[in-house]
Protein chains: 2
Amino acid sequence: MNPASPRITINDVAARAGVSKGAVSMAFNNRPGVSQATRQRIFDVARELGWTPHQTARSLSSRRVDIVGLAICRPARLLGLEPFYMEFISGIESVLAERSCSLLLRLVRDLREEITLYEGWWRGKMIGGAILVDFHDDDPRVPALRAMGLPAVAVGHPSLTGGFPSVWTDDATAVAEAVRYLAALGHRRIARVGGPAGLGHSGIRGAAFGTAMAELGLDGRRQVATGFAGEDGARATRGLLLTPDRPTAIVYDNDIMAVAGAAVAAEMGLTVPDDVSLLAWDDSQLCRLTHPPLSAMSHDVHHFGGEVARALFGVIDGSGGESLQVPTPSLTPRGSTGPPRR
Amino acid sequence: MNPASPRITINDVAARAGVSKGAVSMAFNNRPGVSQATRQRIFDVARELGWTPHQTARSLSSRRVDIVGLAICRPARLLGLEPFYMEFISGIESVLAERSCSLLLRLVRDLREEITLYEGWWRGKMIGGAILVDFHDDDPRVPALRAMGLPAVAVGHPSLTGGFPSVWTDDATAVAEAVRYLAALGHRRIARVGGPAGLGHSGIRGAAFGTAMAELGLDGRRQVATGFAGEDGARATRGLLLTPDRPTAIVYDNDIMAVAGAAVAAEMGLTVPDDVSLLAWDDSQLCRLTHPPLSAMSHDVHHFGGEVARALFGVIDGSGGESLQVPTPSLTPRGSTGPPRR
DNA sequence: AGCCAGAGGTGAACCGGTAAAGTGCTGGTT
DNA sequence: AACCAGCACTTTACCGGTTCACCTCTGGCT
């Protein structure tokens, strides 16, 4: 099918341009040592021959890799990804592309598999760095990845990421804002549907929720820890709305659960927001597609992803290493929140 | 941070095991030429030293790459991906993982960028093959990728993919089934909200829709070509429902547009399915999260992705090359379709 | 004239593997 | 005894770049 395709190498370019391959290499890495004229001639020849440096060879000798790894850990059952990740990935990509880097993506089933994967990637020098998401309490990835010396940035509050530089949003403050907003509307029974109990940011949000409710003299114990899938959100919502003194407002940890929650309310004959107010998180396009559109704690996930990529570059080439806080999610009121019915 | 990390190479393993590096290489590629005993000793030493073959070096000399590329082309505005792609990607991954291959993902803004990207990836030997999606009429990728000799499989009807082996579903039949189902329910004014006009599978579905409607003696011209984003679906739906003899049933080209359509119906005070029936495509978890849940033409997107990956392996190692049809999307009736109101 | 600095290269030694040809030994034939 | 096949390795030549020590001019200064 593609027989004897005579691969063009740096040697061909060098020969044709009448220089040594060292010169070609210098020219292509814009390093000093070649005159402007020669440089130009080299480029011309390269274009003419259609030559591009062989990335594999390049990274073998320069010990640099233009690939970063991202493993996302979801149970097998939950096949797709949340909208959050799609936007997040596209944000990462946008910055990676600036440096013509690429993203190596893999979905894994558990943290052990994730560690093994990173180990293979790193030891096999497939990636130059990694992006770590979804931190758990006492996350086993921290010691493992630290031991192997993999450059990485974490997504999550610095208190969770075991010393890895992280990019994070102030979820605690955002939760407090959400709670105060709902309380100001007149809600007193506010519930929260969160992610899995062991997950770091769920913990932070859960605690912040409790504190904020307590400060207002309200009962902050209406919290459910569940998965992140829509069905989890549906089940949790159903449970909450069937309790005797059911909440009049529910805060969700992502948007897909909130959408599911809205459907459950409809199915139970409850009107949003009169009977129950719903507040989503992560505000993807999903929130604008329901009726009523969902109020959300929104943040620029695309930008977030970009900052993560930038931070990773900092770590990889040693110029960075500090954690970075990106803007706190802010309330975007839409139709799904309002004063509770008298 | 990670100073003088003494990289362990095949030489260290060879030395410690008292053999040549050739022997280690053979052992690790389970090639004949090493005795069982030696083989075992080599493995033991490798484990002890924590050595894994350096992928970059390996692929430099073996001219094999364990990475496949996937570029997805979306306008910048549409930041996230559709649920379809998430499931599709996870399906690809599941098969790639069997061969410890990885997926290199990139979001691009247009086909020119996509071609350039593939060219860089292929010439730089970063990828061993590629997956091509979203074929257009006279797709410029076909001649370009063919010229560079990149092994690739296409997603889409063979008539669209310009000779690239493809994996595809019989959309035409599925559309016909959808139309006949709605007609059987009593609908006579059926509309379709499709993807962009130039997109190959939109064309196929559009034509099939027209044919199926004509066969039933119905007017098949109620079709809108739009984007794939929720907002596109919302706008299209609004347009359709505001026409004087508005449709009583709408078929969508994906699920996110259908969800948006449901919201529009609600916003206009129309009841689903009494006033208008909605039928989605691609059936992700989204369809089960609305109220009423959306009927859909569903197919196993995860499995679809897996077959695509398998086909690509076939192309790469020359054992395959034929197109493969996967099961036709089948109707999954839920709450969003029903007889039209009298 | 003699000396030196620096620009503009060259050439060879890597990087860490794979592949194919070569070597030494053993055992079975004729 | 001579010969040969086959196993179990070893040796060596790559793969296609980067890097660095070293060479060769040229021009300026004393």
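Computed over heavy atoms, backbone and side chain alike; hydrogens, waters and symmetry mates excluded.
- Residue whose closest nucleotide on DNA chain D sits further toward the 5' end, between A:Ile10 and B:Val34: B:Val34.
- Following rounding to the nearest Å, A:Lys125 (NZ) and C:dG17 (P) show an atom-to-atom distance of 12 Å.
- Among the atoms of the strands shown, none is found under 4.0 Å from any heavy atom of A:Thr56.
- Judged by distance alone, the side chain of A:His157 and the main-chain N or O of A:Leu160 form no donor-acceptor pair under 3.5 Å.
- As a whole-Å value, the separation of A:Leu60 CG from C:dC15 C1' is 4 Å.
- Take B:Tyr118 and apply the ring-ring contact (aromatic ring centres under 6.0 Å, His included) test, not counting sequence neighbours, and it matches B:Trp121.
- Note on the helix from C:dA1-D:dT30 to C:dT30-D:dA1: terminal axis deviation equals 70°, with five pairs used at each end and the result rounded to 10°.
- Between D:dG16, C:dT10, D:dT10, one nucleotide has an atom nearer to the side chain of B:Arg63 than all others, and that is D:dG16.
- Atoms CD (A:Gln55) and C1' (D:dG17) sit 10 Å apart, rounded to a whole Å.
- For B:Gln325, there are no side-chain hydrogen bond (donor to acceptor under 3.5 Å, both in side chains) partners, not counting sequence neighbours.
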Short heteroatom pairs, N/O only, protein and nucleotides 19-27 of chain C, under 3.5 Å:
unit_1 : atom_1 : unit_2  : atom_2 : d
C:dA19 : OP2    : B:Arg31 : NH2    : 2.8

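- For A:Ala23, whose side chain is taken as the heavy atoms from C-beta onward, the closest listed nucleotide among C:dT10, D:dT18, C:dG16 is C:dT10.
- A:Val24 comes within contact range of no nucleotide atom at all, as no heavy-atom separation falls under 4.0 Å.
- Looking at residues two or more places apart in sequence or on another chain, you find no side-chain contact (heavy atoms from CB on, under 4.5 Å) involving A:Pro143.
- Every residue two or more places apart in sequence or in another chain that forms a salt bridge (charged side-chain N to carboxylate O under 4.0 Å, His left out) with B:Arg16 is listed here: B:Glu48.
- For DNA chain D, no neighbouring residue in residues 45-54 of chain B is found when judged by any heavy atom under 4.0 Å.
- Here D:dG16 presents its P atom at 16 Å from CE of B:Met126, a figure rounded to the nearest Å.
- B:Thr52 meets the side-chain hydrogen bond (donor to acceptor under 3.5 Å, both in side chains) test with A:Arg123; sequence neighbours excluded.
- Put simply, CG on B:Asn11 is 12 Å from P on C:dC14, counting in whole angstrom units.
- One side chain, B:His302 or B:Ser90, offers a donor N or O that lies under 3.5 Å from an acceptor on the other.
- Per the geometry, CG belonging to B:Asp66 stands 15 Å off P belonging to C:dG17, to the nearest Å.
- Atom CZ in B:Phe28 sits roughly 10 Å away from atom P in C:dG17 (whole-Å rounding).
- With sequence neighbours left out, B:Arg141 forms a salt bridge (charged side-chain N to carboxylate O under 4.0 Å, His left out) with B:Glu114, B:Asp139.
- Separating the CD1 atom of A:Ile8 from the P atom of D:dG17 is a distance of 10 Å, rounded to the nearest angstrom.
- Nearest nucleotide to the A:Arg58 side chain, out of C:dG11, D:dT10, D:dG17: D:dG17.
- Here B:Thr38 lies in heavy-atom contact (under 4.0 Å) with sugar-phosphate atoms only.
- By the 4.5 Å heavy-atom criterion applied to side chains, A:Val155 and A:Phe88 are counted as neighbours.
- For B:Ser35, the side-chain hydrogen bond (donor to acceptor under 3.5 Å, both in side chains) partners are B:Thr38, not counting sequence neighbours.
- Taking the side-chain hydrogen bond (donor to acceptor under 3.5 Å, both in side chains) definition, one finds that A:Arg310 meets it with nothing, sequence neighbours left out.
- In this structure, B:Ser35 reaches the D:dC9 phosphate: one of its side-chain N or O atoms is under 4.0 Å from OP1 or OP2.
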Check: residues 92-100 of chain B side-chain donor-acceptor pairs under 3.5 Å, at least two apart:
unit_1  : atom_1 : unit_2   : atom_2 : d
B:Ser94 : OG     : B:Gly91  : O      : 2.6
B:Arg99 : NH1    : B:Asp317 : OD2    : 3.4

